[in-house]
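Down below is the structure, laid out as structure tokens.
The basis for the numbers below is simple: all heavy atoms, side chains too, and nothing from hydrogens, waters or symmetry mates.
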Amino acid sequence: MDTLAHPGPAPETVMVRSHRIACEGVGGALGHPRVWLEMGAAGFVDCSYCDRRFVATTVAGHDEDEQLALGVYEGAGGH
């Protein structure tokens, strides 16, 4: 079976209130460089480093700017 054609589920799903977020992994030695991710119309995005899936709980344009989990930064300014 080709794992690229049939990827498994994301290792972690994080619900967020912004369509633009940054991910640093789980922090510490298990973290990775901060990357900014844009969801676009899909309403979700996967981090290319740690495979965490971020799912928006709001409609694009109605984003909130608050911290929901360690290593997750939302909005243009982060925290």
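- When side chains are defined from C-beta on, Met39 counts as touching Val16, because their heavy atoms get closer than 4.5 Å.
- Of the possible donor and acceptor atoms, one in the side chain of His32 sits under 3.5 Å from a partner among the backbone N and O of Gly25.
- A distance of 12.5 Å separates CD of Glu12 from CZ of Arg53, quoted to the nearest 0.5 Å.
- Contact detail for His19 and Gly43: the closest heavy-atom pair is CE1-CA, 4.3 Å.
- Annotation: side chain of Pro33 is not in contact with side chain of Glu24 (no heavy-atom distance under 4.5 Å).
- Counting heavy atoms from C-beta on, the side chains of Arg52 and Cys23 come closer than 4.5 Å.
- Leu37 has its side chain within reach of Cys47: a pair of non-hydrogen atoms, C-beta onward, lies under 4.5 Å apart.
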